[in-house]
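Below is one structure, written out as structure tokens; the observations come after it.
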Amino acid sequence: MNMQSLYLVVPLAPLFGAVVTGLFGKWIGRAWSHRITIALVAVSFFASLEIFADVQAGHMFNGAVYTWLTTGDTSFQIGFLIDRLTVLMMLVVTFVSLMVHIYTIGYMAEDPGYQRFFSYISLFTFSMLMLVMANNFMQLFFGWEAVGLVSYLLIGFWYDRPTAIYANLKAFLVNRVGDFGFLLGIALVLMVFGTLDYAAVFASAARHAADMAPIPGMSVGLLTAICILLFIGAMGKSAQFPLHVWLPDSMEGPTPISALIHAATMVTAGIFMVARMSPLFELSDTALSFVMIIGGITALFMGFLGMIQNDIKRVIAYSTLSQLGYMTVALGASAYPVAIFHLMTHAFFKALLFLAAGSVIIAMHHDQDMRNMGGLRKYMPVTWITSLIGSLALIGAPFFSGFYSKDSIIEVVELSNLPGAEFAYFAVLSGVFITAFYAFRMYFMVFHGEERFGKAHHGHDAAAHDEHHGLAPGQKPHESPWVVTLPLILLAIPSVLVGYITIQPLLFENYFRDSIYVSTEHPGMAGLFMQFHGPFEMVVHMFQELPFWLALSGFATAWFFYTKRPDIPEALQKRFHVIYTLLDNKYYFDRFNDWFFAGGARGASRILWVFGDIKLIDGVMVNGTAKLVGMTSRVFRHFQSGYIYHYAFSMIIGVFVLLTVRNWFA
């Protein structure tokens, strides 16, 4: 098989699995549904490995597969751009997807929508691969919208739950806001450059660096406008402030999709897109500063929210938001390779944490409240040790993958000279302590301390427990089956090793030289290169740096609060009740959105209904027309009397009117 055929196999294999399982799952049964989809995603993964080896040998590809539409001089094509950035994303997407497919066998074993779920996650894999393999904006937009559609279906997978329906509708609407900006950016690219092909746009971008955007009433640079509009799309897809509100609620979907969509793949689409558009962003310092500040706000303030969550999946969800903020800050500092490096390491350890949380949820009979857990390490040894590995990688512990990528982000932001870099540096530095605190708060509440399961339940889970959630008194949790624990082990390995192995080639051997452009005016990557002497030396040097001591402080605080003095968090909650209430209500963003946007839309609809529908359409047009016909009929029926002289009189009047009108216009 030649390489171009192999390029087609990567996205089409999971698409074929999705179609077969979606249309014929009822007839082929559960076992064959997961066998077919897992086998085809495995084909996609191994094909990606083969393409990766080919790209490493220096063989790139950029070409059209077929022309979808031609209008005037513009062609809209389906095409692939296979370079180092693409193959790295292909490997991450297919590997994590394969792990999630295997894990799903155990997690969804008793769910009546088993075949439908496998069809959806395979369809998502196809959509994400089409996005990352695109060589033009049209195909990028297709993949962008396709992953949004499938995420809507997956978040609302349990469609009989009102909370799931609310969550998927919320995700869909918030992403439409971001996608509106994204589509405007693509339209502006087509209007200015006359093409949607990446290579053609990037090649001519510098010639438009001084142009002004054709936006009436605004004086803004053309490339600044394009980059900010494109980044608004990334703010929606990658859940950046203020379009972050959909991601925590998306935890209403089954846990496997939390790992697949909201940790490792879909939410990183915005990060990938900005890195792909580096030749455009490098020509606008304003856009880069905007990106950096938004990322800093997200990294810091979403981390605060993770500190007070009691739902195990929501802690990880807010952690995802915060880590996406770190990646965005790196993008704003022109450290695109560092952002992609953290994207890769984060994909492994965050997918691991989500799947480990799912294993805990299975053992707890779908009770997700950490206040009802404790002491699980002796019942679930594999889940315990893999969760510990994931937590250590998340906080950037020495020798774990997260250390190399997160520490690199902090260093490049410190070296940046763009406006907003000082705030971003403060945000990512403060986030080190916050991340360590909420990560090990979760770890200690779940796996250590008093066994709180089988007792009175807390919060909203109390009602759920009466139905089918939580362990009954006397019940003990147990380790999950191998189809759940095997993916945990396979994800734990790269969570430990991948950062150490790949930091030097990815960041310091110019791996992305043909994929990412960085201007020499932005010193972040160059300064980082000067400070790098090898991965082991980074660990040695780390003990002299503030981030290490902040992470250690966060770990020690969580250990003391939740194993030695659990009364202190309760006292602090009462003492700082106002701050806790603010955090518990997520800065009131949801309430504001419900009041202003949802309430405003309902109010506008009510006005249109009362004045537009009832009074104008029904009152004037429909009923008014009927009344006018009735009034006219009542007048004319007097002339239809049956008497000849009435008709003669009417004819004379008619002739008189016609003659008068004729003479008037003559």
Side-chain angles (χ1 to χ4, degrees), residues 231 234-235 238-248 263 267-268 270-271 274 288-309 314-333 335 338-339 342-343 346 350 394-396 402 405-416 418-442 524 545-555 557-558 572 576 578-590 592:
F231 181 67
M235 288 166 62
S238 293
Q240 295 296 289
F241 169 89
L243 301 182
H244 65 278
V245 293
W246 66 270
L247 191 142
V267 291
T268 59
I271 308 300
V274 175
L288 289 173
S289 289
F290 179 75
V291 171
M292 190 186 298
I293 292 169
I294 292 295
I297 293 171
T298 307
L300 180 61
F301 290 96
M302 297 307 109
F304 284 141
L305 295 182
M307 296 171 71
I308 58 100
Q309 300 299 314
R314 286 182 181 266
V315 175
I316 308 173
Y318 282 109
S319 171
T320 299
L321 284 170
S322 183
Q323 296 306 306
L324 288 167
Y326 273 82
M327 299 175 209
T328 304
V329 166
L331 294 172
V338 178
H342 193 52
L343 182 158
H346 175 265
K350 189 53 63 68
L394 172 61
I395 71 170
S405 55
K406 184 182 285 189
D407 196 64
S408 298
I409 291 174
I410 295 170
E411 289 190 26
V412 295
V413 176
E414 184 181 14
L415 295 168
S416 177
L418 289 173
E422 295 84 358
F423 165 74
Y425 178 67
F426 169 78
V428 295
L429 196 60
S430 303
V432 174
F433 173 86
I434 295 168
T435 302
F437 178 80
Y438 67 63
F440 277 90
R441 171 182 178 266
M442 175 180 68
E545 297 295 322
L546 185 58
F548 169 74
W549 298 105
L550 287 172
L552 186 61
S553 299
F555 167 84
T557 304
L572 290 174
F576 299 99
V578 174
I579 296 176
Y580 180 84
T581 303
L582 177 68
L583 296 177
D584 191 43
N585 285 278
K586 297 168 283 188
Y587 307 117
Y588 293 94
F589 270 99
D590 285 337
F592 175 78

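Positions are given from 1 along the sequence. Being a predicted model, the structure only gives us computed values, none of them experimental.
Counting non-hydrogen atoms of neighbouring residues, nucleotides and ligands closer than 6.0 angstrom, the CZ atom of Phe592 exceeds 12 such neighbours.
Taking 4.5 Å as the limit, some side-chain heavy atom of Phe423 sits within range of a side-chain heavy atom of Ile297. Looking only at side-chain heavy atoms (C-beta outward), Lys406 and Thr435 come within less than 4.5 Å of each other. Residues Thr320 and His346 form a side-chain contact, since some pair of their non-hydrogen atoms from C-beta on lies under 4.5 Å apart. At a threshold of 4.5 Å between non-hydrogen side-chain atoms, the residues Met442 and Ile316 count as touching.
Below 30°, between 30° and 60°, or above 60°: for Tyr587 and Phe301 the angle between ring planes is above 60°, a perpendicular geometry.
Taking CE from Met235 and CG from Leu324, the interatomic distance works out to 13.0 Å, rounded to the nearest 0.5 Å. For the atom pair CD1 (Ile271) and CG (Leu343), the distance works out to 7.0 Å, reported to the nearest 0.5 Å. Between atom CD1 of residue Ile308 and atom CG of residue Leu583 there is a gap of 5.5 Å, rounded to the nearest 0.5 Å. Annotation: the span from Leu582 atom CG to Phe304 atom CZ amounts to 10.5 Å, rounded to 0.5 Å. Between Thr557 atom OG1 and Ile434 atom CD1 the span is 12.0 Å, to the nearest 0.5 Å. Rounding to the nearest 0.5 Å gives a distance of 7.0 Å between CG of Asp407 and CD of Glu545.
The heavy-atom pair separating Ser405 from Val338 by the smallest distance is O-CG1, 4.1 Å. Taking all atoms of both residues into account, the shortest heavy-atom contact from Gly332 to Val291 is N-CG1, 3.8 Å. Considering all non-hydrogen atoms of both residues, Gly295 and Gln240 come closest at CA-OE1, 3.6 Å. Shown here for Ile395 and Ala436, the closest heavy-atom pair between the two residues is CG2-CA, 3.4 Å. Closest of all the heavy-atom pairs between Ser416 and Leu418 is OG-N, 3.3 Å.
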Chi angles and distances behind the side-chain contact (heavy atoms from CB on, under 4.5 Å) call for Thr298, Ile294: CA-CA 6 Å; Thr298 307; Ile294 292 295; 4.3 Å; yes

Verdict with reasoning, Tyr438 to Tyr318, per side-chain contact (heavy atoms from CB on, under 4.5 Å): CA-CA 10 Å; Tyr438 67 63; Tyr318 282 109; over 6 Å; no

Worked verdict on Ser319 versus Lys350 for side-chain contact (heavy atoms from CB on, under 4.5 Å): CA-CA 9 Å; Ser319 171; Lys350 189 53 63 68; 2.9 Å; yes

Verdict with reasoning, Gln323 to His342, per side-chain contact (heavy atoms from CB on, under 4.5 Å): CA-CA 9 Å; Gln323 296 306 306; His342 193 52; 3.0 Å; yes

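Remark: His244 pairs with Phe589 by the ring pair (Phe, Tyr, Trp, His ring centres under 6.0 Å) rule, at least two apart or across chains.
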